[in-house]
Amino acid sequence: MSDNESDERSEDGSEGESCPQTEDYDGSGDDELTFRHSEESAETVLGARTETDEQAELLIGVREEAADIDLAASEYYLNRELSELAFQRRVLHEALDPERPLLERVKFLAIVTTNLDEFFRKRIGGLKQQIAAGVSEKTPDGRTPIDQWTAALEESRRILERQSRCYREEIRPALNDAGIEIVETTSLTASERIELRAYFERSILPTLTPLTFDPAHSFPFISNQSLSLAVLTREQPDADCTFSRVKIPRNQVRFVRLEGESRYVPLEEIVRSNLDLLFPDVEIVDSALFRVTRNAEVRRNEEVAEDLIEMVEEVLEERRFATAVRLEIERDAPEQILDIVTRELDLDDRELLELDGPLDYRDVTELVDLDRSDLKLPDWTPQAHPRFDNCSDETSVFDVIRDRDVLVHHPYHAFEGTVQRFLEAAADDPDVLAIKAVIYRTASDSQIIESLLEAARNGKQVAVMVELKARFDEKNNLEWAKKLEEEGIHVAYGTIGYKTHAKTSLVVRREDDGVRLYSHIGTGNYHSETAKRYEDLGLLTADRDIGQDLVKLFNYFTGHSMHSEYRTLLIAPGNMRDRFTGLLRDATQHAFEGADVRLVAKMNRLEDPALVRALYRASIAGVDIDLIVRDVCRLRPGLEDVSETIDVYSIVGRFLEHSRLFYFQVGDDERYYIGSADWMTRNLDSRVETVAPIEEPRLQNRLQSILETLLSDTQNRWEMQSDGTYERCRPSDSENITDAHETFMRRARDAVR
């Protein structure tokens with residue numbers, strides 16, 4: 001992708017935003033709604049001219065009243081949990097799509113499992129806690145916690161059953177046809193069974209620990225998301241059966257390859273077929289595979305915690321023993337096993353999911369890693385950024401950034417050659433005085449952290465904000481924080497009352513004309529591995545105002561007072577909500593005054609009811625709105641008199657769309673912003689977030705090109721219907737095929753040739 005002055009367009013020259021041909025898709029959503037409308041026409045309102053925001057808001061109110069619209073009414077909002085599950089259906093569709101390479105489809109089976117595991121741990125777990133606490137408050141869409149819990153469990157069941165059927169009826173036969181056979185032990189020859197039994201005795205049996213439940217032994221602890229085998233045994237033919245649990249080890253290969261063959265036997269089947277070696281001198285009556293998911297929502301009061309680090313360590317320990325929220329078990333499991341497990345884990349029948357095997361698709365990535373390029377998409381190597389790639393030996397990273405701002409687009413631009421290079425250069429540069437950074441998530445072998453450690457060893461002032469409450473990364477972040485402190489680095493461990501989600505760093509450098517500030521504002525984490533799979537944007541700039549705003553922000557991290565006013569940045573919880581609300585209000589007013597107004601907003605999630613109402617008001621005023629929302633979206637597009645000018649799209653494909661990008665156009669005035677915040681209540685009010693304006697015309701052109709390409713995508717784009725379901729966009733016969741991810745890869749390659 002070229003970083004030049006020209007305005008880039010999609011490869012086919014198309015800037016169309018329609019969804020010309022759709023494919024029906026049964027996503028989750030609420031029942032079809034009916035709306036009340038007054039016979040009184042309010043068309044004259046749209047042609048009115050106003051002078052103030054108050055007048056504009058009054059006119060919107062007239063239109064709402066004329067159409068008998070209450071924008072706070074529950075029928076105008078989709079449920080958050082069901083909206084997220086609709087996204088999981090779109091992810092599952094990638095596994096169902098026969099046009100995708102086979103091992104790419106297998107990969108998406110694993111992604112669905114990982115995503116739903118997190119959904120159960122976070123969302124279902126949180127709902128279960130609310131139910132236990134007697135919470136009955138309704139969400140904007142009118143559901144109580146028990147309503148949401150029941151609906152989400154039922155929809156999750158349908159998704160998991162479809163995933164299982166996809167593997168059984170489509171993926172596994174296709175793998176067999178491709179020479180990758182997944183077989184049961186019953187189909188093996190006698191010599192192969194002998195070979196596997198020897199392998200079991202040698203490599204697997206020593207790692208297994210059978211745990212029996214009887215009057216002498218309490219029910220064993222079942223670790224979160226572990227695959228287990230429940231075994232019923234008895235010593236005499238007429239004796240009662242005894243329950244035992246055998247954990248299938250995750251540190252072993254899940255798909256064991258038969259010697260000299262392209263055939264694989266699942267590890268759990270090898271264990272099951274050799275249980276007599278684990279339970280000698282008793283009868284193996286029956287067995288069943290099962291898997292337990294536990295709640296991740298372990299609530300602690302951080303305000304009274306004497307030591308935040310100690311509190312996080314305790315939370316990690318408690319999470320291991322948290323409430324069970326789901327039991328996945330093989331279909332037709334013995335009633336005795338079902339009764340024991342559900343009773344001892346205190347599970348409701350609705351939390352029981354009986355599925356055809358295999359359970360737990362996370363490990364199918366072992367098959368994805370096979371050397372079968374014919375069954376995969378071509379490898380993608382992130383490219384050098386042309387601005388940095390063309391540096392001479394005499395030109396430093398700081399010279400490039402000082403000359404002109406740099407916009408990076410991952411995974412099309414290499415993280416190592418851009419953001420990581422920026423911090424590595426800062427660590428080694430003798431003129432750099434200080435480095436400050438926010439670490440929300442980072443790789444376990446992070447070169448970013450190593451650069452910060454090296455900077456401290458080189459005598460620079462280094463301050464790092466490490467968010468210990470980054471869910472599921474607490475342990476990794478805690479280890480890095482301790483290592484940073486050991487090198488004398490100033491480490492802040494989050495802020496009371498807020499989770500720090502900003503993705504930013506600041507370099508203070510001494511130069512001939514004084515001290516200069518170099519900043520990075522990103523939409524993604526400082527994580528070299530996810531930067532290869534997640535789509536993100538980042539700005540590298542020497543803009544003084546941005547730098548001074550970051551100085552204020554970092555002083556808040558290590559001090560205790562949050563600024564509410566900033567020169568140019570949008571900061572949550574400071575000025576961000578007011579600034580976004582103001583931009584929407586201004587767009588609404590100008591639309592009423594007859595101006596050409598357009599809004600395009602790209603984010604991961606749109607949940608905040610106040611901003612949804614502001615978008616509805618903008619639509620009532622006639623603002624042309626395109627929303628590219630990856631997963632959760634409460635807003636209903638296409639509702640008569642409410643959201644007729646709003647289109648909602650979701651891009652699901654090779655890379656995870658992760659960037660947040662906002663475009664406001666009023667007449668000839670265009671404004672662009674990128675940053676870390678979604679339009680969710682938690683991001684705007686309960687997290688520390690940064691969003692930066694992009695003001696250079698050449699970078700604005702780049703962002704405009706990105707948006708146009710996404711809105712013309714015919715391969716990865718889904719369009720939301722007003723009932724919350726999605727239809728996949730397909731090209732018409734006369735329209736060129738556009739794959740946004742392929743287009744961006746091609747541009748990145750062409751830019752460095």
Side-chain angles (χ1 to χ4, degrees), residues 22-29 78-124 151-175 225 291 293 326 328 331 353-365 367-368 375-377 533-534 604-605 629-633 649-658 713 715-721 723-730 741:
T22 57
E23 172 182 314
D24 289 339
Y25 183 67
D26 184 24
S28 68
L78 293 168
N79 180 259
R80 185 211 186 286
E81 317 306 340
L82 296 180
S83 183
E84 181 162 343
L85 289 172
F87 169 63
Q88 302 308 335
R89 279 194 173 273
R90 298 195 294 280
V91 174
L92 177 58
H93 188 275
E94 300 299 301
L96 299 171
D97 187 354
E99 296 180 7
R100 288 203 167 274
L102 179 56
L103 291 183
E104 185 78 359
R105 297 174 66 186
V106 171
K107 180 183 76 174
F108 276 98
L109 285 178
I111 292 173
V112 170
T113 293
T114 300
N115 289 354
L116 283 176
D117 284 352
E118 184 171 339
F119 177 80
F120 270 87
R121 296 190 69 192
K122 291 165 61 175
R123 305 304 306 177
I124 297 296
L153 284 176
E154 186 56 38
E155 177 61 13
S156 299
R157 184 187 310 278
R158 287 193 287 265
I159 293 172
L160 288 166
E161 287 175 346
R162 185 66 186 93
Q163 178 195 36
S164 176
R165 193 163 68 251
C166 173
Y167 172 80
R168 190 174 64 256
E169 298 178 0
E170 302 175 41
I171 300 297
R172 183 172 173 180
L175 286 170
Q225 294 174 195
R291 185 169 178 261
T293 306
R326 176 180 62 169
E328 298 168 275
R331 198 178 302 280
L353 289 88
E354 296 183 81
L355 301 167
D356 294 304
L359 304 181
D360 192 351
Y361 290 89
R362 291 176 298 170
D363 298 321
V364 297
T365 52
L367 304 177
V368 178
L375 303 178
K376 303 178 185 181
L377 289 170
R533 306 187 305 274
Y534 290 14
N604 298 330
R605 294 172 176 174
V629 184
R630 188 188 72 204
D631 51 271
V632 173
C633 181
Y649 302 104
S650 173
I651 306 290
V652 181
R654 177 171 186 164
F655 302 121
L656 181 75
E657 292 293 325
H658 192 253
D713 186 290
Q715 299 299 102
N716 309 291
R717 185 166 54 111
W718 297 77
E719 183 173 16
M720 184 200 278
Q721 309 304 300
D723 64 354
T725 62
Y726 284 79
E727 294 180 352
R728 192 167 188 181
C729 296
R730 289 299 194 188
H741 297 159

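Basis for what follows: all heavy atoms, side chains included, without hydrogens, waters or symmetry-related copies.
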So V632 and N604, do their side chains get closer than 4.5 Å, heavy atoms only? no
Kindly indicate whether the side chain of R326, heavy atoms from C-beta on, has any atom under 4.5 Å from the side chain of L160. yes
Under 4.5 Å between any side-chain heavy atoms of C166 and I171, yes or no? yes
Any F108 side-chain heavy atom under 4.5 Å of V91 side chain: yes
side-chain hydrogen bond (donor to acceptor under 3.5 Å, both in side chains) against Q163, all qualifying residues, sequence neighbours excluded: T113
Under the side-chain hydrogen bond (donor to acceptor under 3.5 Å, both in side chains) rule, collect the residues that match up with D631, sequence neighbours excluded. R605
Please report the C-alpha distance between E84 and R80 in whole Å, then the side-chain angles of each, then the deciding distance to 0.1 Å, and finally whether the salt bridge (Lys or Arg N to Asp or Glu O under 4.0 Å) criterion is met. CA-CA 6 Å; E84 181 162 343; R80 185 211 186 286; 2.9 Å; yes
Is there a side-chain contact between L78 and C633 (heavy atoms, below 4.5 Å)? no
K376 meets the salt bridge (Lys or Arg N to Asp or Glu O under 4.0 Å) criterion, sequence neighbours left out, with none
Should Q715 and H741 count as side-chain neighbours, where that means a heavy-atom distance under 4.5 Å? no
Using a strict cut-off of less than 4.0 Å between a Lys/Arg side-chain nitrogen and an Asp/Glu carboxylate oxygen, indicate whether E657 and R630 qualify as a salt bridge. no
Among all residues two or more places apart in sequence or in another chain, which pass the salt bridge (Lys or Arg N to Asp or Glu O under 4.0 Å) test with R105? E170
Taking the side chain as every heavy atom from C-beta outward, state whether H93 and V652 have any atom pair closer than 4.5 Å. no
Report the residues that fulfil ring pair (Phe, Tyr, Trp, His ring centres under 6.0 Å) with Y361, sequence neighbours left out, ordered by chain and then residue number. Y167
Contacts of type salt bridge (Lys or Arg N to Asp or Glu O under 4.0 Å), residue R533, not counting sequence neighbours: none
Is the NZ or CZ atom of R89 positioned over Y726's six-membered ring, under 6.0 angstrom from the centre and within 45° of the axis? no
Excluding sequence neighbours, so at least two apart, what forms side-chain contact (heavy atoms from CB on, under 4.5 Å) with P101? E104, L377
To the nearest 0.5 Å, what is the distance between CG on N115 and CZ on F87? 6.0 Å
Are E328 and T293 side-chain neighbours, meaning at least one heavy-atom pair lies under 4.5 Å? yes
Looking at CG of L92 and CG of L109, how far apart are the two atoms once the value is rounded to the nearest 0.5 Å? 7.5 Å
Could I get the full list of ring pair (Phe, Tyr, Trp, His ring centres under 6.0 Å) partners for F119, not counting sequence neighbours? none
Excluding sequence neighbours, so at least two apart, what forms side-chain hydrogen bond (donor to acceptor under 3.5 Å, both in side chains) with R331? D356
Can you name the salt bridge (Lys or Arg N to Asp or Glu O under 4.0 Å) partners of R100, sequence neighbours left out? E94
Not counting sequence neighbours, which residues clear side-chain contact (heavy atoms from CB on, under 4.5 Å) with E154? List them please. R157, R158
Restricting to side-chain contact (heavy atoms from CB on, under 4.5 Å), what partner residues turn up for A110, sequence neighbours left out? V364, T365
